[in-house]
Amino acid sequence: MSDRPDVVVRDASGADASEIAGIYNHYIRETTVTFEVDEVSAADIAARIDTVHAAGYPWLVSLLDGRVVGYAYAGSFSGRCAYARTAEVTVYLDSTAAGRGIGTALYGELFDRIRDQGVHAVIGVIALPNPASVALHEKFGMRKVAHLPEVGRKFESWIDVGYWQVNLDDESFSP
């Protein structure tokens, strides 16, 4: 749960899709933290939320003063059956909401839920450099396990990707 009583974390629904698209489209247009290059519509996001929920994973939003200021979700790391207890996690915040503990609130709730669902390994994929995302993932005990140099290209630049991992049922895990 959140250490911030003014931040509400709840399940996302299609009604949140427009606000989520607005948050995400900023990152598509302005940054290399996502490798998507075409903006997404509210309908695209609503379909993604439905897909995540249909697969049995949580998609959460955080609200501050009644406005969606961030979201996080988990999904399948791979379609292969042996990966069934491994999830990939993602978090995005409104560009004005960074540094306020909102990402921590979202990941705290997300990690609690997926641990309760029996997820063992959690993977975060981070376009580098991204010190804020690295710090958030490491706050949850995630450690860098792989570095793939120059695997993405956006805005005429090559971008590295790092993989962070934590095993939720390790005794050392403590969000």
Side-chain angles (χ1 to χ4, degrees), residues 1-12 20 23-24 26-28 30-36 48 52 55 57-64 68-78 82-155 157-175:
M1 278 301 169
S2 173
D3 291 333
R4 294 201 44 176
D6 57 338
V7 174
V8 174
V9 175
R10 65 161 172 76
D11 289 302
I20 292 169
I23 291 168
Y24 190 47
H26 161 78
Y27 291 96
I28 292 172
E30 307 294 331
T31 77
T32 58
V33 302
T34 177
F35 286 178
E36 289 201 61
R48 293 177 187 190
V52 166
Y57 290 102
W59 185 313
L60 307 173
V61 292
S62 60
L63 291 90
L64 185 61
V68 174
V69 292
Y71 65 95
Y73 61 91
S76 176
F77 175 70
S78 173
Y83 290 112
R85 293 190 53 205
T86 300
E88 184 177 335
V89 294
T90 301
V91 61
Y92 283 93
L93 301 178
D94 184 282
S95 60
T96 65
R100 297 180 174 185
I102 295 166
T104 300
L106 279 163
Y107 259 9
E109 180 68 19
L110 184 69
F111 279 47
D112 284 348
R113 289 195 191 189
I114 61 177
R115 183 181 51 237
D116 291 348
Q117 289 177 260
V119 168
H120 167 72
V122 178
I123 308 293
V125 181
I126 304 172
L128 300 172
N130 190 338
S133 186
V134 168
L136 177 62
H137 286 80
E138 291 184 350
K139 183 174 191 172
F140 283 86
M142 300 182 86
R143 296 292 168 247
K144 190 176 186 181
V145 295
H147 188 113
L148 308 176
E150 298 184 358
V151 294
R153 188 157 176 85
K154 188 172 177 183
F155 303 139
S157 295
W158 287 108
I159 304 148
D160 294 2
V161 170
Y163 281 70
W164 270 252
Q165 177 181 343
V166 67
N167 294 339
L168 297 180
D169 51 4
D170 283 354
E171 287 183 20
S172 61
F173 174 71
S174 175

message = Salt bridge check, Arg113 against Asp116: does any charged N sit closer than 4.0 Å to a carboxylate O?
response = no
message = Less than 4.5 Å apart, side chain to side chain, heavy atoms only: is that true for Val7 and Arg100?
response = no
key: Nearest atoms (heavy-atom pairs only) where Gly103 meets Val91   = CA-CG2, 4.5 Å
ask   = Do Pro149 and Trp158 have side-chain heavy atoms sitting under 4.5 Å apart?
value = no
remark   = d(Thr90 OG1, Arg48 CZ) to nearest 0.5 Å is 10.5 Å
query = Looking at CD of Glu88 and CD1 of Ile123, how far apart are the two atoms once the value is rounded to the nearest 0.5 Å?
reply = 8.0 Å
task = Return the minimal non-hydrogen interatomic distance between Ile102 and Val69, and the atom names on each side.
result = CD1-CG2, 3.8 Å
Gap separating the OG1 atom of Thr31 from the OH atom of Tyr92, nearest 0.5 angstrom = 7.0 Å
Nearest-0.5 Å distance, CD of residue Glu36 to OH of residue Tyr24 = 3.5 Å
request  = Evaluate side-chain contact (heavy atoms from CB on, under 4.5 Å) for Asp94 paired with Leu64, printing each intermediate quantity in order.
outcome  = CA-CA 11 Å; Asp94 184 282; Leu64 185 61; over 6 Å; no
ask   = For atom OH of Tyr83, is the number of surrounding heavy atoms from other residues, nucleotides or ligands below 6.0 Å larger than 12?
value = no
ask   = So, for Tyr57 and Ala87, which heavy atoms are closest and what is the spacing to 0.1 Å?
value = CE2-CB, 3.9 Å
query = Mind checking whether Thr104 and Phe140 have side chains closer than 4.5 Å, heavy atoms only?
reply = yes
message = Is the shortest side-chain heavy-atom distance between Tyr163 and Leu148 below 4.5 Å?
response = yes
ask   = Under the 3.5 angstrom rule, does the side chain of Tyr27 hit a backbone N or O of Leu93 as a donor-acceptor pair?
value = yes
key: side-chain contact (heavy atoms from CB on, under 4.5 Å) assessment of Arg143 paired with Gln165   = CA-CA 5 Å; Arg143 296 292 168 247; Gln165 177 181 343; over 6 Å; no
ask   = Considering all heavy atoms of both residues, which atom of Leu128 and which atom of Gly162 are nearest to each other, and what is their separation?
value = CD1-N, 3.6 Å
message = Side chains of Tyr71 and Trp59, heavy atoms from C-beta outward: is any pair under 4.5 Å?
response = yes
inquiry  = With rounding to the nearest 0.5 angstrom, report the CZ to CD distance, Arg10 to Glu109.
reply    = 12.5 Å
note = Closest heavy-atom pair, Ser78 versus Ser76, reported as atoms and distance to 0.1 Å, is O-OG, 2.6 Å
task = Evaluate the side-chain proximity of Met142 to Ile126: yes if any heavy-atom separation is below 4.5 Å, no if none is.
result = no
query = Between atom CD1 of Ile159 and atom CZ of Arg153, what is the distance when rounded to the nearest 0.5 Å?
reply = 8.5 Å
message = Main chain of Leu60, side chain of Asp11: is a donor-acceptor contact present, judged purely on distance under 3.5 Å?
response = no
note = All heavy atoms of Gly70 vs all of Leu106, minimum pair found to be C-CD1, 3.7 Å
task = Kindly say whether Val33 contributes a backbone atom to a donor-acceptor pair with the side chain of Lys154 at under 3.5 angstrom?
result = no
inquiry  = Which label fits His137 and Tyr107: parallel for a plane angle under 30°, tilted from 30 to 60°, or perpendicular past 60°?
reply    = perpendicular
query = Quick one: does Gln117's side chain get under 4.5 Å of Pro58's, heavy atoms only?
reply = yes
